[in-house]
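First listed ligand is number 1; within each ligand, the first listed atom is number 1. Predicted model only: the values in this text are computed from it and were never measured.
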Amino acid sequence: MNAGRRQQYLDAMGITRYVLRDEPAAAGDGQIVNEAEPPTVAHQEMPAVEVQPQQTEEKGGAEAWDVLKAEVAACTACELHASRTRTVFGVGNESAELMIVGEAPGADEDRQGEPFVGRAGQLLTAMLHAIGLARDAVYIANVLKCRPPGNRNPSVAEVAACQPFLRRQLALIRPKVMLAVGGIAAHNLLDTDEAVGRLRNRVHFYGEERTPLLVTYHPAYLLRRPEEKAKV
Ligand code: URA
């Protein structure tokens, strides 16, 4: 991505300075920083995880994907099926190295059948662009495939009913690295109730394959608290 384009994305996110990790440690020492708020994070604890924007090797079989998609589309395992407009399966590169997991569809996603297409999704997409990743280079899914009415938090029963779908998506994609955005995703994947503020900025590991998993703030939270964007 050229420098002017990157700057446009960063401007849209309210981030005023951007220094690549590999560049000499001048301003910002390799972090995205907001000039209004100097960085406080101990970023040296975080190993650099390289994600290739394109990967062609197909990891999950097409048939397994088709079966899974059909099951999600027809699911009536919890009450949410009665109020949904559409199920929201997931989107992106099915061989992605980076898988992003969010919480649940909102109104826009419920209408369009695609995760992260509303305001929070647009911010997420801009953030991906800012680190040189196109939205379709990664895979994006939610813990829940149906919208909780009024965007309330998912119930324990809803999460339990939907969990096998996310687990199967993960097993098909076998990402190199995962990113949980927000507490619901982080708590579900890491089986913890620790606050996102404490989980972020360190590497966790998911499942038997011990896939590196990072946790960060949900973009919807960043829309409410733009001063926190620099941390993400
Ligand atoms: N928030 C989420 O967690 N997921 C979406 O798909 C949209 C908003």
Where ligand 1 meets G102 - atom numbers and elements under 4.0 angstrom, heavy-atom basis: 3 (O)

Go through ligand 1 atom by atom and flag the ones less than 4.0 Å from a non-hydrogen atom of A104. 1 (N), 2 (C), 3 (O), 4 (N), 5 (C), 6 (O), 7 (C), 8 (C)

Answer yes if V138 and V203 sit in the same cluster of Ile, Leu, Val, Met, Phe, Trp and Tyr residues linked by side chain heavy atoms under 4.5 Å apart, and no otherwise. yes

Ligand 1 to P115, heavy atom cutoff 4.0 Å, flagged ligand atoms 6 (O)

E103 heavy atoms within 4.0 Å reach ligand 1 at atoms 2 (C), 3 (O)

E228/R200 ion pair, N-O < 4.0 Å: no

Do G106 and ligand 1 have an N or O pair less than 3.5 Å apart? no

Within a radius of less than 6.0 Å around CZ of R119, do more than 12 heavy atoms belonging to other residues, nucleotides or ligands occur? no

Give a yes or no on whether the backbone of L68 and the side-chain of Q169 come within a donor-acceptor separation of less than 3.5 Å. no

Look at atom 4 (N) of ligand 1 and say which protein heavy atom is nearest, naming residue and atom and giving the distance to 0.1 Å. N142 OD1, 2.8 Å

Ligand 1 atoms nearer than 4.0 angstrom to some heavy atom of H218 are 1 (N), 2 (C), 3 (O)

E79 atom CD, neighbour heavy-atom count above 12 within 6.0 Å: no

Any donor-acceptor pair under 3.5 Å from H187 side chain to E194 backbone: yes

